[in-house]
Amino acid sequence: MKTLDWKNLPFGYMKTDYNVRCFYKDGKWSKPEVSTSEYIDVHIAATGLHYGQEAFEGLKAYMGKDGKIRLFRWEENAKRLFRSADGVKMAEVPQELFREAVFKVIELNRKFVPPYGSGATLYIRPLLYGSGAEVGVKPASEYVFLVFVTPVGPYFKEGIKPVNMLICRDIDRAAPLGTGTFKVGGNYAASMRAIIAAKHGGYSSTIFLDAKEKKYIDECGPANFFGIKNNTYITPKSESILNSITNMSLLEIAKSIGMKTERRQIPVEELAEFEETGACGTAAVITPIAKIVDPDKNKIYEYCRDGKPGPLSMKLYEKLIAIQCGDAKDEFGWITIVE
Ligand SMILES: *Cc1c(COP(=O)(O)O)cnc(C)c1O
């Protein structure tokens, strides 16, 4: 293989050598099977296509200075996929099968793990969908669980850069008692109109409010929201957002560096009180927010006036990244070495 230009990798799909597939049939999961094809055969009546029986995960493997590949909190992704499966009534993937498939696909594609210091990582995408044929609305009796990987460049090529966000009041991503807490494709489909409209307006993404009262902050497109004031890390509590593993980790890190933390409803007006705000998720870790525009209320909230991320956001970001790539001690027990 010609060596990849690791420093200029996009954040997108690139073909690797192998993926791994498991099949659920007659109430049982098969062992992971290795494939070199990028394609799957799908039944024309598969419930994954028609009724959105589908869930996915996203996690990263990092090459350390010591040449060891590190996985970050994979058990949390396994648990979340298990909950998402139940959320749309699919066969759950046992944690052990998840582990086997994820580790196998990394080992098989070892040469695609970007080197230490390149800023690039190996993105791992587990996918579960209803493959069995149904025409009436009911769960399939067959499922496919597959895992592929793709090397991805750093989200911010020129270093971590603050972005602008638009508050959206006329489209909801998820209802309070809906599927917002599950990582299912349907939530993404529901959010696309709003995200594309925001991007057309020059914003990085949309901030969704709680669907019922439109009073509280829910999520930033496909990432969780946080605000910082008085040395306190504050993130929304809501029944319609996806529990981000990055956010859970930032809450722990915030405590460990002497910050206070709160998980509670965040009224939109409180945006005026924050010293720093940001979005968080596996892809970019932290995306600092420079400006939040609320067109319906004629309000603009500004942060990072010097164009740079806030100091506490940076501190949280640097500590998390250092743990992930093995530069800092794994004090929380979040890392598994891929042998
Ligand atoms: C995946 C996802 C996130 C981020 O979760 P991480 O576990 O941190 O990657 C946030 N919001 C939504 C809607 C998501 O689907």
Side-chain angles (χ1 to χ4, degrees), residues 11 52 54-62 71-85 87-88 98 102 121-128 147 149-150 152 154-155 163 165 168 171-176 178-196 198 204-211 216-227 233 235-254 263 266 277-289 313 316-317 319-321 323-324 332 334-335:
F11 194 91
E54 183 272 356
F56 66 95
E57 276 301 326
L59 62 163
K60 283 176 174 174
Y62 306 79
L71 254 187
F72 182 70
R73 304 193 81 174
W74 68 269
E75 300 95 332
E76 294 300 329
N77 295 93
K79 283 189 222 158
R80 191 167 66 189
L81 184 64
F82 200 94
R83 289 195 299 273
S84 298
V88 292
F98 184 96
V102 165
T121 52
L122 188 73
Y123 183 75
I124 302 149
R125 171 54 65 87
L127 171 72
L128 172 66
V147 188
V149 295
T150 186
V152 292
Y155 213 79
V163 303
M165 300 266 184
C168 174
I171 298 173
D172 294 315
R173 170 188 165 272
T179 55
T181 55
F182 308 123
K183 205 169 177 78
V184 296
N187 296 334
Y188 278 73
S191 70
M192 279 195 197
R193 269 187 310 150
I195 293 175
I196 294 305
S204 160
S205 188
T206 298
I207 293 187
F208 291 106
L209 302 183
D210 80 282
Y216 305 103
I217 303 212
D218 246 8
E219 277 201 271
C220 299
N224 277 187
F225 173 87
F226 67 85
Y233 180 96
T235 192
K237 188 181 166 88
S238 159
E239 298 201 315
S240 48
I241 65 177
L242 198 273
N243 248 316
S244 152
I245 297 163
T246 312
N247 199 6
M248 276 168 47
S249 310
L250 291 171
L251 279 159
E252 295 288 312
I253 290 176
R263 186 172 228 159
I266 301 179
T277 59
C280 61
T282 295
V285 186
I286 283 182
T287 306
I289 302 174
S313 300
L316 292 167
Y317 173 80
K319 180 149 181 193
L320 182 52
I321 295 274
I323 293 174
Q324 289 172 330
F332 305 98
W334 287 339
I335 302 298

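Bear in mind that the values here come from a model prediction, so they are computed numbers and not experimental data. The first residue of the sequence shown is numbered 1, and numbering continues consecutively from there. Whatever order the structure lists ligands and atoms in, that order sets their numbers, starting from 1. Computed from heavy atoms alone, side chains included, the values below leave out hydrogens, waters and symmetry copies.
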Could you tell me, for ligand 1, which of its N or O atoms are under 3.5 Å from any protein N or O, listing the pairs and their distances rounded to 0.1 Å?
unit_1: ligand 1; atom_1: 7 (O); unit_2: Arg80; atom_2: NH1; d: 2.8
unit_1: ligand 1; atom_1: 7 (O); unit_2: Arg80; atom_2: NH2; d: 3.1
unit_1: ligand 1; atom_1: 7 (O); unit_2: Ile245; atom_2: N; d: 2.8
unit_1: ligand 1; atom_1: 8 (O); unit_2: Ser244; atom_2: OG; d: 2.6
unit_1: ligand 1; atom_1: 8 (O); unit_2: Ile245; atom_2: N; d: 3.3
unit_1: ligand 1; atom_1: 8 (O); unit_2: Thr246; atom_2: N; d: 3.0
unit_1: ligand 1; atom_1: 8 (O); unit_2: Thr246; atom_2: OG1; d: 2.6
unit_1: ligand 1; atom_1: 9 (O); unit_2: Thr282; atom_2: N; d: 3.0
unit_1: ligand 1; atom_1: 9 (O); unit_2: Thr282; atom_2: OG1; d: 2.6
unit_1: ligand 1; atom_1: 11 (N); unit_2: Glu219; atom_2: OE2; d: 2.6
unit_1: ligand 1; atom_1: 11 (N); unit_2: Pro222; atom_2: O; d: 3.3
unit_1: ligand 1; atom_1: 15 (O); unit_2: Lys183; atom_2: NZ; d: 2.7
unit_1: ligand 1; atom_1: 15 (O); unit_2: Tyr188; atom_2: OH; d: 2.5

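- Between Ile195 and Pro222, the closest side-chain pair of non-hydrogen atoms falls below 4.5 Å.
- Side chains of Asn187 and Thr179: a donor on one and an acceptor on the other come within 3.5 Å.
- Residue Asp218 is tested with Cys168, Ser238, Pro176 for a side-chain contact (heavy atoms from CB on, under 4.5 Å); the sole match is Ser238.
- Open room surrounds CD on Glu239; 12 or fewer heavy atoms of other groups in view lie less than 6.0 Å from it.
- Side-chain contact check for Gln324 versus Val285: some heavy-atom pair is nearer than 4.5 Å.
- Counting heavy atoms from C-beta on, the side chains of Phe72 and Ser249 come closer than 4.5 Å.
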